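For reference, the structure is listed below as structure tokens.
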Amino acid sequence: MSQEHDDASEQQKIRLEKRERILAEGREAYPVTVPVTHSIDEVRSQYPEVPAGETTGDEVTVAGRVLFVRNTGKLCFASLRSGTGTAVQAMLSLDRVGEEALAAWKQDIDLGDQVWVHGEVGASRRGELSIFVDQWGFAAKSLRPLPVAHKDMNEETRVRQRYVDLIMRPEARKMARDRIGALSSLRSSLSQRDFLEVETPILQTLQGGASAKPFTTHMNAYNMDLFLRIAPELFLKRCVVGGIERVFEINRNFRNEGADSTHSPEFGMLEFYQAYADYRDGAATTRELIQEAAQAVCGTLQVEHVDGSIHDLSGEWDSISLYGSVSAAVGREISPQTPRAELEQLCDSHGVDVNPDWLDGRLVEELLESLVTPNFTGPTFVFDYPVDTSPLVRDHRETDGLVEKWDLYVDGFELATGYSELVDPVVQRERLVEQASRAAVDDEAMPLDEDFLAALEHGMPPSAGVGMGIDRLLMALTGLGIRETILFPLVKPL
RNA sequence: GGGCCUCUAGCUCAACUGGCAGAGCUGCGGACUUUUAAUCCGUAGGUUGCGGGUUCGAGUCCCGCGGGGCCUACCA
């Protein structure tokens, strides 16, 4: 007997013994193929209404996981479910399946087993679509008990054993499908607008495109450290320089920072760049992408969250300016030229803690987060940010000290951000040199990427750029936490 | 990083101020040819997250470690 066998719970040992016995009797617990003729969904759709107590004369073989059993003396019921969540009832009666197969069923079947059954399609006396079984076998014997179906598993178990979660909870299966539904909608929406999808490096020699702490790794062949990318921005801009004037990428970014209900160390990201467009065009496209994704996933723009609340994503969205909205909230006109002492005094009087290292613009953003964003009633674009927090964005065409950048807030978190991209290579160099000088003290600042600057020096057309968190899009569509939107989020080993 | 809470049977949860670790479902044995969380009879199942300590006695109190949650901090 193996160590594993010794450590198994009582219920696991019983299942292991059943497996041994099945194999010893020359039957198969894990056959290489199963004689399936129909999926459970096909049976359901081909026989939508069989009158109670009647049979059809048609025979099928279906396979599924046993999720409900009810045995009586000479008649056994089981609910078999397919991976799509569709179920059909199997009925094993003494007169159809015979004494031996009925006894074996009662002896060997546990909740969670995957089986195939052959028999006539009909309906039970209660009118439930059923297979009247005359032959059955295992597709795969399950060796572990499932959780009870009537109580929620705790969140940790759901995350650590997503396979069990997927078996037990329709919502978990729906999330897996919704996620890929949203991705597929984004790809098709962008493709319809003539955007080309590309793939750019995840292993990078320089961190760039955002300010965040990177994960580092080591490449043995070149004996050099590499970074997992924190953003694809600098590579996608190289694409625009090269003439891919509408380009996007959907891929994973990695940031070595805190994890909470809105942050995951690896997260899905869409970035798209559109030449001959500005940040307002990018905002409009972003709204359309999200609305089309909501329509594709939820079937409506009045999106219902898991808590039952309805969130209207339709129509135009609110659009405010950072300085305008903060000025209104504090009751005093502030601008990028407002002296720091005054900003600090405003933060102080509104209960916003100030870190002395923060730049002036950061103080205004803090005021926004604490005074303005909590009052948003729907998706809201916040326009025009201070230059000192945004080194890759073009200066505002009208107001000194601002850049053409927006953030999109949905449900209180940042869902997307967009720029009129900085394309003047000389200004970009100045900004990046300034950043690089801070890299010595700030491990999130970007080092100088000479190759990126060389690309810009070849001439990049005026462009809009947008980044949107995929996980956060799913959060906005469902109301779930980020770890529920990710099939297998990182968990610490036990 | 800081604070608070939490970890008990396969699952979901109990156990008053320290005093025999329990229930429901699941499982196992039995009855039942129309069940839907069936019903009825019987029954098994525990290193109370891990390691120390206090005590006649620890699930409960103390210390350390680990997992998880919330708040906070950090986060373009």
Side-chain angles (χ1 to χ4, degrees), chain A residues 7-15 17-18 52-53 67-79 87 89-97 102 106-107 110-112 122-128 130 132 142-161 164 168 209-213 230-231 233 253 255-265 267 322 353 355 357-359 361-362 365-366 368-369 382 385-393 403 405-407 413-414 416-419 435 442-446 467 469 481 483 491-494:
Chain A
D7 289 346
S9 73
E10 181 197 21
Q11 295 193 36
Q12 285 173 265
K13 285 179 184 168
I14 288 163
R15 288 177 180 232
E17 285 160 15
K18 287 181 180 178
L67 282 149
F68 174 85
V69 290
R70 187 72 60 228
N71 295 344
T72 68
K74 300 185 181 65
L75 179 64
C76 298
F77 301 87
S79 164
Q89 179 163 266
M91 293 171 64
L92 292 84
S93 64
L94 179 63
D95 50 8
R96 284 193 184 240
V97 78
L102 185 69
K106 289 205 251 187
Q107 190 72 227
D110 291 303
L111 287 176
S124 70
R125 280 184 205 162
R126 293 280 180 88
E128 182 160 346
S130 303
F132 291 79
S142 164
L143 298 181
R144 287 178 184 259
L146 290 172
V148 294
H150 319 295
K151 296 281 187 179
D152 289 340
M153 283 184 293
N154 66 50
E155 193 204 327
E156 186 183 357
T157 313
R158 295 208 308 257
V159 168
R160 285 187 187 275
Q161 300 182 38
V164 175
M168 300 308 294
S211 69
K213 295 183 186 69
I230 55 178
E233 174 154 355
N253 288 346
R255 296 190 183 177
N256 204 344
E257 294 172 346
D260 60 30
S261 63
T262 58
H263 295 81
S264 170
F267 59 99
L322 172 62
D353 290 336
N355 181 327
D357 296 338
W358 290 346
L359 299 169
R362 174 67 186 272
E365 291 184 44
E366 291 292 320
L368 176 87
E369 297 267 353
V382 180
Y385 279 70
V387 62
D388 49 30
T389 60
S390 312
L392 300 170
V393 193
V403 292
K405 168 192 165 177
W406 51 259
D407 272 352
F413 56 81
E414 235 180 89
T417 187
Y419 304 161
Q435 283 276 313
D442 180 354
D443 54 4
E444 295 185 10
M446 288 183 243
R483 277 154 57 98
V491 286
K492 283 197 198 180
L494 286 177

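Protein chains get the first letters and strands the later ones, always in sequence-line order, with residue 1 at the start of each. Hydrogens, waters and symmetry mates play no part in the numbers below; they use all other heavy atoms, side chains included. This one's a predicted model, so the numbers in the text were calculated from it and none came from an experiment.
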From the list [options], which nucleotide is the closest neighbour of the side chain of [X]?
| X | options | result |
| --- | --- | --- |
| Leu111(A) | A44(B), U26(B), U12(B) | U26(B) |
| Trp358(A) | U33(B), C74(B), C25(B) | C74(B) |
| Gln11(A) | G10(B), C25(B), U36(B) | G10(B) |
| Ser9(A) | C75(B), G10(B), U34(B) | G10(B) |
| Glu257(A) | G10(B), U33(B), C75(B) | C75(B) |
| Ser93(A) | U33(B), C11(B), C28(B) | U33(B) |
| Lys151(A) | U12(B), G69(B), U34(B) | U12(B) |
| His263(A) | C75(B), U33(B), A76(B) | C75(B) |
| Val148(A) | U34(B), A76(B), C25(B) | C25(B) |
| Ala210(A) | A76(B), C11(B), U33(B) | A76(B) |

Does [N] have OP1 or OP2 under 4.0 Å away from a side-chain N or O of [X]?
| X | N | answer |
| --- | --- | --- |
| Arg483(A) | G69(B) | yes |
| Gln161(A) | G10(B) | no |
| Arg362(A) | C75(B) | yes |

- Report yes or no: does Ser9(A) contribute a side-chain atom to a donor-acceptor pair with the main-chain N or O of Gln12(A) at less than 3.5 Å? yes
- Query: Taking Thr417(A) for the side chain and Trp406(A) for the main chain, is one N or O donor matched with an acceptor at less than 3.5 Å?
  - Reply: yes
Which whole-number value in Å describes the distance from [X] [atom1] to [N] [atom2]?
| X | N | atom1 | atom2 | result |
| --- | --- | --- | --- | --- |
| Arg125(A) | U34(B) | CZ | P | 6 Å |
| Glu156(A) | G68(B) | CD | C1' | 5 Å |
| Lys106(A) | A31(B) | NZ | C1' | 10 Å |
| Leu392(A) | A76(B) | CG | C1' | 10 Å |
| Lys213(A) | A73(B) | NZ | C1' | 12 Å |
| Lys13(A) | A44(B) | NZ | C1' | 13 Å |
| Leu75(A) | A31(B) | CG | P | 16 Å |
| His150(A) | U36(B) | NE2 | P | 12 Å |

- P-based separation of G1(B) from C65(B) [nearest Å]: 12 Å
- Item | U43(B) and C5(B), which share atom name P, separated by this distance in whole Å | 42 Å
Look through every strand shown and name the nucleotide pairing with [N] as Watson-Crick or G-U wobble, where both distances are under 3.5 Å.
| N | result |
| --- | --- |
| C28(B) | G42(B) |
| U36(B) | none |
| C4(B) | G69(B) |
| A9(B) | none |
| C61(B) | G53(B) |
| A21(B) | none |

- Task: Mind listing the closest non-hydrogen atom pair of Arg160(A) and Lys492(A) along with its distance?
- Result: NH1-O, 2.6 Å
- Determine the minimum heavy-atom distance between Lys106(A) and Gly73(A), stating which atoms define it. NZ-O, 2.6 Å
- Message: Could you tell me if Ser142(A) and Arg15(A) have a donor-acceptor pair between their side chains, going purely by distance under 3.5 Å?
- Response: yes
- Note on the structure: Whichever of Thr72(A) and Phe68(A) has the more 5' nearest nucleotide on RNA chain B, that residue is Thr72(A)
- Which sits closer to the 5' end of RNA chain B, Ser130(A) or Glu365(A), going by the nucleotide each is nearest to? Ser130(A)
- Between Glu366(A) and Arg362(A), is there a side-chain N and carboxylate O pair less than 4.0 Å apart? yes
- Query: Is a donor-acceptor pair below 3.5 Å formed from side chain Glu128(A) to base U34(B), judging by atom type as modelled?
  - Reply: no
- Message: Taking donor-acceptor contacts at under 3.5 Å, does the side chain of Ser211(A) reach the base of A76(B)?
- Response: yes
- Message: I want to check something: taking the side chain as every heavy atom from C-beta on, are Leu392(A) and Tyr419(A) in contact at a cut-off of under 4.5 Å?
- Response: yes
